[in-house]
Asker: 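The structure is given below, and queries will be raised subsequently.
Just so we're on the same page: letters track the sequence lines, and every chain starts at 1.
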Protein chains: 2
Amino acid sequence: MASETRERIIEACERVIARGGLRGFRMGDVAHEAGVSIGLLSYHFGDRDGLLQAALDHVNESAARRSEQGAAREPADEPRPPGERLADLLCSEFGDEPQVRAGSIAWNELRAAAVFDPDRAAAVTRATADWQSEVRRLIGEAAHHAEPDTAALVLTALVEGLSGRWLTGQTTAHEAQEAVRAALRGLGLLTTSL
Amino acid sequence: MASETRERIIEACERVIARGGLRGFRMGDVAHEAGVSIGLLSYHFGDRDGLLQAALDHVNESAARRSEQGAAREPADEPRPPGERLADLLCSEFGDEPQVRAGSIAWNELRAAAVFDPDRAAAVTRATADWQSEVRRLIGEAAHHAEPDTAALVLTALVEGLSGRWLTGQTTAHEAQEAVRAALRGLGLLTTSL
DNA sequence: CTCAGAACTGAAACTATTTTCAGGATACGG
DNA sequence: CCGTATCCTGAAAATAGTTTCAGTTCTGAG
């Protein structure tokens, strides 16, 4: 059926982006990766832009789903401290599983492309605002903070910066996570005890 | 003279990069922007890669020069608090002057490209390490901090993340600077008094 | 002035990639 | 089966961009 093939193509797009970024996003590579002909890409998605758009939308959705999942996964009978949940949410960006890494790379590319493309900037802004307000909410639960909005901005921007460090091999995923936790402690949102 | 023309070409490169990123870096655009023929680019810089390399090196040098200037501008008789100098160094990335913005855009692009290009990753890593160790030094001067290395990582990564927010229009330069100062206060490196 | 070498031009050749399209395969209701 | 609508292919055309190069202009020393 066609929808399966579409799906396969979108997944191939994600792998191609993860391997070479938006710059290395070639329809020939996508077709080869998906095991279909190059003509089929146009058939399903119109042109290169349509294909890329579909792939990036999918990345967006996946990220949103993961974020919601994280919030829902909390068992009601064993309440984890909100500071810990905050740390989890923020650190979920880092991790050596291929899917996590591919997602981070795609986001990194999307953010970089958004500088020059208002449409993409709008999409990034919306998704980022959702994420940041979720962080803001957890800050409110974790502690009385004087400037919770600023703290949410600082934490989310920090994660984005650390993501770049990690993806370029300047830090490990673990170091990035430790840095996030250190920042949370600095803001009084995580107790020092391990 | 040739060196003037070279300079003009490099400056044109910076404008082209600021306008369209590394992806939008076209030799035709550079030639048009510099008011020279396309053949001259090859004559002076060999090929596209050589041209791009020269342009990025120039961005690097400019940033380094600006940073040194900032450090040297401190008059010995009126010592500014190290926390303030730290804030200045970190906030110098944000600002609405075209040159500052162009420099930030170039860096943002370079960081994004470094994910897929080991050579660029090495260059970025080196420059980032220098900057971070300067921050680390100022932290040492500003206060006894339990984890100065982690603090330096957090602050520099934060600036990189905020830079992305600013360049995509998600925050203003001023908001980004305020966020940096808030983080510095949280880390006990800047007194609350204004 | 004149010549050599450096700076410079722009069109043509080349390369890489996307888009189109004529047609082949496949699924499926009648 | 048959017809047809959908899915799919891959080669050819179109497009976008870089590199080359034969030739022109400029510059300065002799």
Asker: Please list residues of residues 8-19 of chain A whose heavy atoms come under 4.0 Å from any atom in DNA chain C, ordered by number; otherwise none.
Answerer: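 Going residue by residue through residues 8-19 of chain A, none turns out to have a heavy atom under 4.0 Å of DNA chain C.
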
Asker: Compare side-chain N and O positions of A:His44 against OP1 and OP2 of D:dT6 and report whether any pair is under 4.0 Å apart.
Answerer: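 Answer no for this pair, as no side-chain N or O of A:His44 is under 4.0 Å from OP1 or OP2.
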
Asker: Sequence neighbours excluded and cut-off under 3.5 Å, please list the side-chain donor-acceptor pairs for residues 107-118 of chain B, or say none.
Answerer:
from: B:Asn108; atom 1: OD1; to: B:Arg111; atom 2: NH2; distance (Å): 3.3
from: B:Glu109; atom 1: OE1; to: B:Leu22; atom 2: N; distance (Å): 2.8
from: B:Asp117; atom 1: OD1; to: B:Asp119; atom 2: N; distance (Å): 2.9
from: B:Asp117; atom 1: OD1; to: B:Arg120; atom 2: N; distance (Å): 3.3

Asker: Does B:Arg19 have any salt bridge (charged side-chain N to carboxylate O under 4.0 Å, His left out) partners at least two apart in sequence or in another chain, and if so, which?
Answerer: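 Salt bridge (charged side-chain N to carboxylate O under 4.0 Å, His left out) check on B:Arg19 returns B:Glu33.
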
Asker: With sequence neighbours excluded, what pairs up with A:Ala102 under the side chain to side chain contact (heavy atoms under 4.5 Å, CB included) test?
Answerer: A:Ala18

Asker: Going by the rule side chain to side chain contact (heavy atoms under 4.5 Å, CB included), which residues pair with B:Glu14 if we only count those two or more places apart in sequence or in a different chain?
Answerer: B:Ile10, B:His58, B:Val59

Asker: Can you name the residues that form a side chain to side chain contact (heavy atoms under 4.5 Å, CB included) with A:Glu141, not counting sequence neighbours?
Answerer: A:Pro82, A:Arg85, A:Arg137, A:Leu138

Asker: How would nucleotides 15-21 of chain D be written as a contact map, 5' to 3', with B for base contact, S for sugar-phosphate-only contact and - for no contact, using protein heavy atoms under 4.0 Å?
Answerer: --SSBB-

Asker: Look at the side chain of B:Arg48 and the backbone N and O of B:Phe25, then say whether any donor-acceptor pair between them is shorter than 3.5 Å.
Answerer: yes

Asker: Between A:Leu41 (CG) and D:dC7 (C1'), how many Å, whole number?
Answerer: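 The distance from CG of A:Leu41 to C1' of D:dC7 comes to 13 Å, rounded to the nearest Å.
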
Asker: Salt bridge (charged side-chain N to carboxylate O under 4.0 Å, His left out) with A:Glu178: which residues, sequence neighbours excluded?
Answerer: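 Once residues adjacent in sequence are excluded, A:Glu178 has no partner under the salt bridge (charged side-chain N to carboxylate O under 4.0 Å, His left out) criterion.
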
Asker: Is the shortest side-chain N/O distance from B:Thr5 to OP1 or OP2 of C:dA7 below 4.0 Å?
Answerer: no

Asker: Taking side chain to side chain donor-acceptor pair (under 3.5 Å) as the cut-off, I'd like each qualifying pair that reaches into residues 22-31 of chain A, sequence neighbours left out, listed once.
Answerer: none

